[in-house]
Amino acid sequence: QTAFQLFNTYIAQRTKSDLVLIHQQRAHERILYEKFSRSLANHSGASQQLLFPQHLSIKAGELALLNDYIDDLRQVGFDIEPLGQTTLVIQGIPLALAETESMQALEEIMEGLKQNKEAFDLNKNHQLAFLLARHGAIKVGKALSTEEMLHLADQLFACEMPNHAPNGKPVIIHMNKNDIEKHFNWWIIVRKDLPF
């Protein structure tokens, strides 16, 4: 089995009957989303310890907003503790995320809670998994090796809902021989005046 990359955005794979195009960023978002969702459901998130703990400054009163989410953040892999009323100490981050991505996701979660905690609370697990997946996913424009492409595709097809990203956008397009031939033969319909 082989794969190749188009425009550093799509992974193309040939099957017995068609050509499969996979949007690499959306695919990875789906993979990570389901992984974080399982961690929240099973209370089993893997964490990687930071060599140098990070300190995140928060405003007075924001700690109260975050208190309802501390346990959930630990479940997805954050090793996080309040230090007083205006500082969070992060000693570990989710295994699937880099340090920068983890801190950005944490800041966005804090911002979401400040802006509209009620909406965030309506589907807490989805919101957390979605934000973490979006920050941790491989981005459009990143070149991938063949091994990375195949691994991503294998992980995607093992997902419960591989066809759609967490935001509902499509992840996979199938093109068979008939689909391709339609593109080559469209002019026959449009240009009936041609003499051949």
Side-chain angles (χ1 to χ4, degrees), residues 5 8-11 22-59 62-63 65-82 87-117 119-144 148-149 151-153 155-156 158-162 164-171:
Q5 200 175 19
N8 286 350
T9 300
Y10 308 102
I11 297 168
I22 299 169
H23 192 293
Q24 67 188 41
Q25 180 172 335
R26 294 177 190 174
H28 201 207
E29 285 177 4
R30 166 52 61 184
I31 293 162
L32 291 178
Y33 176 80
E34 292 196 7
K35 184 177 293 186
F36 286 126
S37 294
R38 283 194 299 272
S39 295
L40 287 163
N42 302 328
H43 313 286
S44 61
S47 179
Q48 53 184 329
Q49 292 299 298
L50 296 175
L51 189 59
F52 302 103
Q54 291 286 328
H55 292 74
L56 184 63
S57 295
I58 57 176
K59 294 177 182 176
E62 289 180 357
L63 183 59
L65 286 175
L66 192 64
N67 274 337
D68 292 341
Y69 284 79
I70 291 284
D71 287 341
D72 300 292
L73 289 168
R74 289 175 180 147
Q75 287 166 21
V76 293
F78 281 101
D79 183 350
I80 184 170
E81 291 291 343
T87 305
L88 294 173
V89 180
I90 298 94
Q91 300 190 59
I93 57 175
L95 193 59
L97 270 66
E99 185 174 334
T100 302
E101 296 159 353
S102 296
M103 298 307 294
Q104 289 173 347
L106 197 53
E107 288 173 0
E108 190 170 341
I109 289 166
M110 282 297 305
E111 191 61 32
L113 291 173
K114 285 190 291 182
Q115 295 294 328
N116 194 342
K117 187 175 185 295
F120 214 93
D121 287 344
L122 283 176
N123 201 340
K124 182 165 62 172
N125 286 3
H126 165 74
Q127 294 282 7
L128 288 174
F130 177 71
L131 285 175
L132 292 171
R134 190 160 54 78
H135 280 280
I138 294 166
K139 301 300 184 281
V140 163
K142 179 176 172 59
L144 303 175
E148 288 172 325
M149 286 185 270
H151 182 61
L152 191 72
Q155 286 185 303
L156 175 65
C159 286
E160 293 179 12
M161 296 180 64
H164 295 92
N167 61 5
K169 292 181 179 179
V171 175

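Throughout, residue positions are numbered sequentially from 1 according to the sequence presented. For the numbers below, each heavy atom of this structure counts, side chains included, while hydrogens, waters and symmetry mates do not.
The SG atom of C159 sits 9.0 Å away from atom NZ of K35, with the distance rounded to the nearest 0.5 Å. With values rounded to the nearest 0.5 angstrom, D71 atom CG is found 9.5 Å from H43 atom NE2.
Under the rule for a ring pair (Phe, Tyr, Trp, His ring centres under 6.0 Å), the partners of H126 that lie at least two apart in sequence or sit in another chain are Y33, F130. Listed by chain and number, the residues in a salt bridge (charged side-chain N to carboxylate O under 4.0 Å, His left out) with D72 are K124 (sequence neighbours excluded).
Proximity of a side-chain donor or acceptor of E160 to a complementary backbone N or O of E34 within less than 3.5 Å is not detected. Remark: side-chain polar atoms of K139 are paired, donor with acceptor, to backbone N or O of A137 under 3.5 angstrom. Side chain of Q24 to backbone of Q5: no donor-acceptor contact under 3.5 angstrom is found. Side-chain N or O atoms of E81 include none that pairs as donor or acceptor with a backbone N or O of I90 at under 3.5 Å. Put simply, the side chain of R74 gets close to the backbone of I80: a donor and an acceptor are under 3.5 Å apart. At least one donor-acceptor pair closer than 3.5 Å links the side chain of R30 to the backbone N or O of H164. In this structure, Q48 contributes its side chain and L97 its backbone to a donor-acceptor pair below 3.5 Å.
Taking both residues in full, the closest heavy atoms of E107 and L56 are given as OE2-CD1, 3.6 Å, listed atom of the first, atom of the second, then distance.
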Working for side-chain contact (heavy atoms from CB on, under 4.5 Å), residues L144 and I11: CA-CA 9 Å; L144 303 175; I11 297 168; 4.2 Å; yes
Derivation and outcome, side-chain hydrogen bond (donor to acceptor under 3.5 Å, both in side chains), residues E29 and Q25: CA-CA 6 Å; E29 285 177 4; Q25 180 172 335; 3.3 Å; yes
side-chain contact (heavy atoms from CB on, under 4.5 Å) between K117 and D68, intermediate numbers included: CA-CA 10 Å; K117 187 175 185 295; D68 292 341; 3.1 Å; yes
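The shortest side-chain heavy-atom distance between L88 and L66 falls under the 4.5 Å cut-off. When side chains are defined from C-beta on, H55 counts as touching V89, because their heavy atoms get closer than 4.5 Å. Looking at L156 and V171, their side chains come closer than 4.5 Å, going by heavy atoms from C-beta outward. For the pair F120/L65, no side-chain contact is recorded, criterion being any heavy-atom separation below 4.5 Å from C-beta on. Side-chain contact between L106 and L73 is present, with at least one heavy-atom pair separated by less than 4.5 Å. In this structure, the side chains of I138 and E148 stay at 4.5 Å or more apart for every pair of heavy atoms.
Counted within 6.0 Å of NZ on K169, heavy atoms from surrounding residues, nucleotides or ligands total 12 or fewer; the atom is thus considered open.
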